[in-house]
Amino acid sequence: MILFRSVGRRHLDGHKELSKHSEIIHLDSKKGSKVYFPTMAPNNTAIKVLVAPGDKVKVGQRIAERTDFYVPIYSSVSGTVLEFENVFSTSANRPTKHIVIESDGLNTPSDPLKTVTLDSTKEEIFEAIKEAGLVGLGGAGFPTYVKYNNPKGIHTLLVNGVECEPFLTTDFVTMKDNVEDLLNGCELLMKASGAEKAIIAIKVHKEEVRDAIRAQLDSHPNVVVQEVPDVYPMGWERTLIKEVFHKEYDRLPGEIGVVISNGQTVISIGSVLLKGHPISERTITVSGDAVLNPTNVVCKIGTLAKELIDAVGVNHELDINLIPGGPMCSKAVNTDLFPMYMQMGALTILKAKTYKEEPCLRCGSCTHHCPAGLQPVEIRRALKAKDYDRMIKLNVMSCVECGMCSYSCPSRIELTDAMKNAKTVTRFKLSQKK
């Protein structure tokens with residue numbers, strides 16, 4: 001029996017007001033602009049390339065396929081394939097080879113994918129999701145169709161519209177402006193999963209999103225909106241499911257009859273499956289205290305981050321940290337010449353700050369705030385001592401890299417990096433034992 005649990009959550013200043021009501025910037029695909037697509041998947045497996053330099057492609061044309069999972073990759077522009085280039089990959093954290101396509105500025109569409117209707121069968125919807133090439137748009141990038149591959153015992157689809165990372169408002173503006181696609185996506189995913197109802201979870205204080213959805217619920221009687229507390233990391237699926245259902249699970253939400261998808265992913269399901277056009281662009285928040293015009297930018301998938309940064313403006317007199325993603329879960333990089341992949345929802349640009357690390361106070365704040373109930377400072381000690389067995393016993397692989405341990409530490413100890421390093425080492429050690 002567990003006698004003590006961590007609080008596992010904390011209210012953060014979200015800084016959402018910087019961008020959520022700013023005018024959205026649309027970066028058009030101009031003649032001569034370039035987009036980049038990786039030839040390596042996030043887990044370092046090769047991607048099968050289906051085009052060669054000199055080939056002409058159209059928007060929505062299949063140009064590659066992942067080989068770890070079946071995931072087709074579609075061009076976001078029409079134009080010409082150029083020689084492949086090594087550019088920085090945020091997934092691999094190093095330069096890797098990318099397909100480069102130069103836009104002709106015409107956005108000529110390819111033949112559409114096979115569409116479905118709200119009356120299509122479960123099997124037809126699943127196949128359409130698989131062919132759409134969709135990955136989770138909340139940041140993880142896990143292939144969407146895998147969750148809906150012959151699910152059993154599912155009673156509820158949970159739509160994660162929480163967006164708990166500071167500065168990010170991409171889900172907010174996208175859900176507010178695409179309610180019809182969101183609700184159609186719910187209907188399709190309910191049928192695909194066998195769920196009887198859908199719950200769209202959003203944070204309190206997102207009245208515009210809540211009211212926009214509820215205004216259209218009369219024609220969707222099995223869909224409801226539920227508000228959840230404004231705490232971090234409410235968007236982590238274990239925290240969210242515990243809040244909504246008051247239940248916990250061992251490995252997967254399906255064990256308690258729940259399947260969960262990000263709000264923008266559900267919107268994409270409702271759009272792509274009914275209209276037949278693969279995703280070619282997405283909305284990305286570019287915000288932070290070093291940004292001159294924090295806002296959301298709509299750009300073609302594969303656009304270099306530099307183009308988004310130039311569009312919003314940055315105070316170049318400052319030393320800055322450029323973070324691909326939110327400031328809690330992501331790491332700063334030293335280049336803006338990296339492409340925006342489908343799963344990427346933000347660029348956070350902050351004034352650089354230097355913190356002096358102090359000795360550990362043994363206060364337990366890191367453990368108190370860890371949503372996974374871990375002991376980060378003890379795992380850090382085990383990492384320094386190269387005590388790999390202890391790291392395994394301390395359950396380091398359950399870390400979700402949410403950043404709460406570093407954020408809550410009064411001694412400014414960089415625990416999150418230590419946890420990431422400990423996971424990498426432990427993963428390697430475990431692989432050697434197989």
Colleague: Using the salt bridge (Lys or Arg N to Asp or Glu O under 4.0 Å) rule, take Lys206 and Glu227 through it: C-alpha gap first, then chi angles, then the decisive distance, then the call.
Modeller: CA-CA 9 Å; Lys206 291 186 177 181; Glu227 294 175 294; over 6 Å; no

Colleague: To the nearest 0.5 Å, tell me how far Ile349 CD1 sits from Lys351 NZ.
Modeller: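 NZ of Lys351 is found 13.5 Å from CD1 of Ile349.
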
Colleague: Restricting to non-hydrogen atoms, name the atom on Leu183 and the atom on Val223 that form the minimum distance, rounded to 0.1 Å.
Modeller: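 Taking Leu183 first and Val223 second, the nearest heavy atoms are CD2-CG1, 3.9 Å.
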
Colleague: For Thr45 and Asn43, does a side-chain donor sit closer than 3.5 Å to a side-chain acceptor?
Modeller: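 Side chains of Thr45 and Asn43: pair found under 3.5 Å.
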
Colleague: Ring centroids only, cut at 6.0 angstrom: are Phe338 and Tyr36 within range, meaning strictly under it?
Modeller: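 Ring-ring flag for Phe338/Tyr36: false, centres at least 6.0 Å apart.
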
Colleague: Could you check Asp336, Val333, Thr96 and say which one makes a side chain to side chain contact (heavy atoms under 4.5 Å, CB included) with Phe88?
Modeller: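 The passing option is Val333.
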
Colleague: Nearest 0.5 Å please: distance from the CE atom of Met340 over to the NZ atom of Lys300.
Modeller: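 Those atoms lie 15.5 Å apart.
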
Colleague: If we count only N and O atoms by modelled type, under 3.5 Å, do the side chains of Asn296 and Thr283 hold a donor and an acceptor together?
Modeller: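 On atom types as modelled, these side chains do not qualify, holding no pair under 3.5 Å.
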
Colleague: Give a yes or no on this: more than 12 heavy atoms of other residues, nucleotides or ligands lie within 6.0 Å of atom NZ of Lys331.
Modeller: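 12 or below, so no.
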
Colleague: Where the side chain of Thr285 meets the backbone of Ala346, is there a donor-acceptor pair that is under 3.5 Å apart?
Modeller: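 Not confirmed, Thr285 side chain does not pair with Ala346 backbone.
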
Colleague: Are any of the side-chain nitrogens in Asp181 or Lys275 under 4.0 Å away from the carboxylate oxygens of its partner?
Modeller: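 A salt bridge is present here (some side-chain N lies under 4.0 Å from a carboxylate O).
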
Colleague: Please check this pair: side chain of Asn178 against backbone of Met175, looking for a donor-acceptor N/O pair closer than 3.5 Å.
Modeller: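 Checked: no pair found.
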
Colleague: Is a side-chain N or O of Thr156 found less than 3.5 angstrom from the main chain of Ala198, in a donor-acceptor match?
Modeller: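 Judged by distance alone, no pair lies under 3.5 Å.
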
Colleague: Can a cation-pi geometry be assigned to Lys97 and Phe84, taking NZ or CZ under 6.0 Å from the six-membered ring centre and within 45° of the ring axis?
Modeller: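 Cation-pi check for Lys97 and Phe84: fails.
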
Colleague: Take atom CD of Glu357 as the centre, draw a 6.0 Å sphere, and report whether it contains more than 12 heavy atoms from other residues, nucleotides or ligands.
Modeller: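 Enclosed.
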
Colleague: Kindly determine whether Glu65 and Arg62 satisfy salt bridge (Lys or Arg N to Asp or Glu O under 4.0 Å), including the steps that lead there.
Modeller: CA-CA 8 Å; Glu65 293 175 359; Arg62 187 178 302 207; 2.9 Å; yes

Colleague: Looking at Tyr407, I'd like to know if the NZ or CZ of Arg10 sits under 6.0 Å from its six-membered ring centre while staying within 45 degrees of the ring's axis.
Modeller: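 Geometry flag: not set, cation outside 6.0 Å or 45°.
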
Colleague: What I want to find out is whether Lys203 reaches Asp230 closely enough, with some N-O distance under 4.0 Å, to be called a salt bridge.
Modeller: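 A salt bridge is present here (some side-chain N lies under 4.0 Å from a carboxylate O).
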
Colleague: Looking only at heavy atoms, what is the nearest atom pair of Ala132 and Pro278, with distance?
Modeller: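 In this case the closest contact between Ala132 and Pro278 is O-CB, 4.4 Å.
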
Colleague: Just checking Asp319: does its CG atom have more than 12 heavy atoms from other residues, nucleotides or ligands closer to it than 6.0 angstrom?
Modeller: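 Open.
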
Colleague: Anything under 30° is parallel, anything over 60° is perpendicular, the rest tilted; go ahead and classify Phe69 against Phe142.
Modeller: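 The arrangement is perpendicular - the two ring planes meet at more than 60°.
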
Colleague: Let's go through Glu237 and Asn160 carefully: what are the C-alpha distance in whole Å and the side-chain angles of both, what is the deciding distance for side chain to side chain contact (heavy atoms under 4.5 Å, CB included) to 0.1 Å, and is it a yes or a no?
Modeller: CA-CA 8 Å; Glu237 65 179 28; Asn160 185 349; 5.5 Å; no

Colleague: Measure from the side-chain N and O atoms of Arg210 to the backbone N and O of Gln226, and report whether any donor-acceptor pair falls under 3.5 Å.
Modeller: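 Such a contact is absent between Arg210 side chain and Gln226 backbone.
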
Colleague: Side chain of Thr239, backbone of Met234: donor and acceptor closer than 3.5 Å?
Modeller: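 No; zero donor-acceptor contacts below 3.5 Å.
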
Colleague: Any non-hydrogen side-chain atom of Thr265 less than 4.5 Å from a side-chain atom of Val135?
Modeller: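 The answer is no, as the side chains (C-beta and beyond) never meet within the 4.5 Å cut-off.
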
Colleague: Do Glu165 and Pro327 come within less than 4.5 Å of each other through their side chains, counting heavy atoms only?
Modeller: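 When only atoms from C-beta onward are counted, Pro327 and Glu165 do touch, with a gap below 4.5 Å.
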
Colleague: Under the criterion salt bridge (Lys or Arg N to Asp or Glu O under 4.0 Å), I'd like the reasoning laid out for Glu102 against Lys34: C-alpha separation, chi angles, the key distance, then a yes or no.
Modeller: CA-CA 4 Å; Glu102 182 178 59; Lys34 299 176 183 178; 5.5 Å; no

Colleague: Could you tell me whether the side chain of Lys16 and the main chain of Leu168 form a donor-acceptor pair under 3.5 Å?
Modeller: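 Flag set: sc Lys16 to bb Leu168 pair under 3.5 Å.
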
Colleague: Do side-chain atoms of Tyr232 reach the backbone of Pro166 as a donor and acceptor pair under 3.5 angstrom?
Modeller: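 No, Tyr232 side chain to Pro166 backbone: no donor-acceptor pair under 3.5 Å.
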
Colleague: I'd like to know whether CD of Glu196 has more than 12 heavy-atom contacts from other residues, nucleotides or ligands below 6.0 angstrom.
Modeller: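 No, not enclosed.
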
Colleague: Take atom CG in Asn334; do more than 12 heavy atoms of anything else shown fall under 6.0 Å from it?
Modeller: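 Open: at most 12 neighbouring heavy atoms sit under 6.0 Å from CG of Asn334.
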
Colleague: Are Asp28 and Lys30 ion-paired here, with the side-chain N under 4.0 Å from a carboxylate O?
Modeller: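 Not counted as a salt bridge, because no side-chain N and carboxylate O are separated by less than 4.0 Å.
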
Colleague: How many angstroms lie between atom NZ of Lys242 and atom CD of Glu248, to the nearest 0.5 angstrom?
Modeller: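 These two atoms lie 4.5 Å from each other.
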
Colleague: Under the criterion salt bridge (Lys or Arg N to Asp or Glu O under 4.0 Å), I'd like the reasoning laid out for Lys114 against Glu131: C-alpha separation, chi angles, the key distance, then a yes or no.
Modeller: CA-CA 9 Å; Lys114 185 178 180 180; Glu131 290 300 320; over 6 Å; no

Colleague: Walk me through whether Leu292 and Asn315 qualify under side chain to side chain contact (heavy atoms under 4.5 Å, CB included).
Modeller: CA-CA 6 Å; Leu292 298 179; Asn315 188 340; 4.2 Å; yes

Colleague: Checking Leu350 against Phe167 for the side chain to side chain contact (heavy atoms under 4.5 Å, CB included) test, could you report, in this order, the C-alpha distance in whole Å, the side-chain angles of both residues, the deciding distance, and whether it holds?
Modeller: CA-CA 10 Å; Leu350 303 174; Phe167 295 103; 3.7 Å; yes

Colleague: Between OH of Tyr74 and NZ of Lys58, what distance do you get to the nearest 0.5 Å?
Modeller: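 Taking OH in Tyr74 and NZ in Lys58, the distance rounds to 15.5 Å.
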
Colleague: Using only atom types and a distance under 3.5 Å, with no angle test, would you say the side chain of Ser120 pairs donor to acceptor with the backbone of Thr117?
Modeller: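 Present.
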
Colleague: Indicate the atoms forming the closest heavy-atom contact of Val396 with Ala422, along with that distance.
Modeller: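 Scanning both residues completely, I find the closest heavy atoms to be CG2-CB, 3.8 Å.
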
Colleague: With a 3.5 Å cut-off and no angle check, do the side chains of Lys56 and Thr80 form a donor-acceptor pair?
Modeller: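 Yes.
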
Colleague: Tell me, with the steps shown, if Thr121 and Val116 meet side chain to side chain contact (heavy atoms under 4.5 Å, CB included).
Modeller: CA-CA 9 Å; Thr121 66; Val116 300; over 6 Å; no

Colleague: Would you find more than 12 non-hydrogen atoms of other residues, nucleotides or ligands less than 6.0 Å from Glu317 atom CD?
Modeller: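 Check fails, neighbour count at 12 or below.
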
Colleague: Give the minimum heavy-atom separation between Pro42 and Ser91, together with the two atoms involved.
Modeller: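 Closest pair (atom of Pro42, atom of Ser91, distance): CA-CB, 4.1 Å.
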
Colleague: Look up atom CD1 in Ile213 and atom CG in Leu182, then write down how far apart they are to the nearest 0.5 Å.
Modeller: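 The distance works out to 5.0 Å.
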
Colleague: Tell me which one of Ser22, Ser19, Ser287 satisfies side-chain hydrogen bond (donor to acceptor under 3.5 Å, both in side chains) with Thr169.
Modeller: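 In the set Ser22, Ser19, Ser287, the residue that makes a side-chain hydrogen bond (donor to acceptor under 3.5 Å, both in side chains) with Thr169 is Ser19.
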
Colleague: Please confirm whether the backbone N or O of Leu415 pairs with a side-chain atom of Arg380, one donor and one acceptor, at under 3.5 Å?
Modeller: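 No, because the side chain of Arg380 does not come within donor-acceptor range (under 3.5 Å) of the backbone of Leu415.
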
Colleague: Do the side chains of Val231 and Leu12 get nearer than 4.5 Å, heavy atoms only?
Modeller: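 No, their side chains stay 4.5 Å or more apart.
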
Colleague: Provide the closest heavy-atom pair for Cys329 versus Lys420 in the form atom of the first, atom of the second, distance.
Modeller: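 In this case the closest contact between Cys329 and Lys420 is O-NZ, 3.5 Å.
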
Colleague: Just verifying a value: how many Å separate Glu414 CD and Asn421 CG, rounded to the nearest 0.5 Å?
Modeller: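 One gets 9.5 Å once the value is rounded to the nearest 0.5 Å.
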
Colleague: Are side-chain N/O atoms of Tyr148 and Ser261 paired as donor and acceptor at under 3.5 Å?
Modeller: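 A pair is found: one side chain offers a donor N or O, the other an acceptor, under 3.5 Å apart.
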
Colleague: Has His155 got a side-chain atom pairing as donor or acceptor with Ile256's backbone, closer than 3.5 angstrom?
Modeller: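 Present.
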
Colleague: Considering non-hydrogen atoms only, spot the tightest contact between Val57 and Val77 and give its length.
Modeller: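 Looks like CG2-O, 4.0 Å.
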
Colleague: Are Thr170 and Gln264 linked by a side-chain donor-acceptor pair shorter than 3.5 Å?
Modeller: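 Checked: Thr170/Gln264 side chains pair up, N/O donor to acceptor below 3.5 Å.
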
Colleague: Could you verify whether a donor N or O on one side chain and an acceptor N or O on the other, from Ser280 and Ser76, lie under 3.5 Å apart?
Modeller: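 Ser280 vs Ser76: no donor-acceptor pair found between side chains.
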
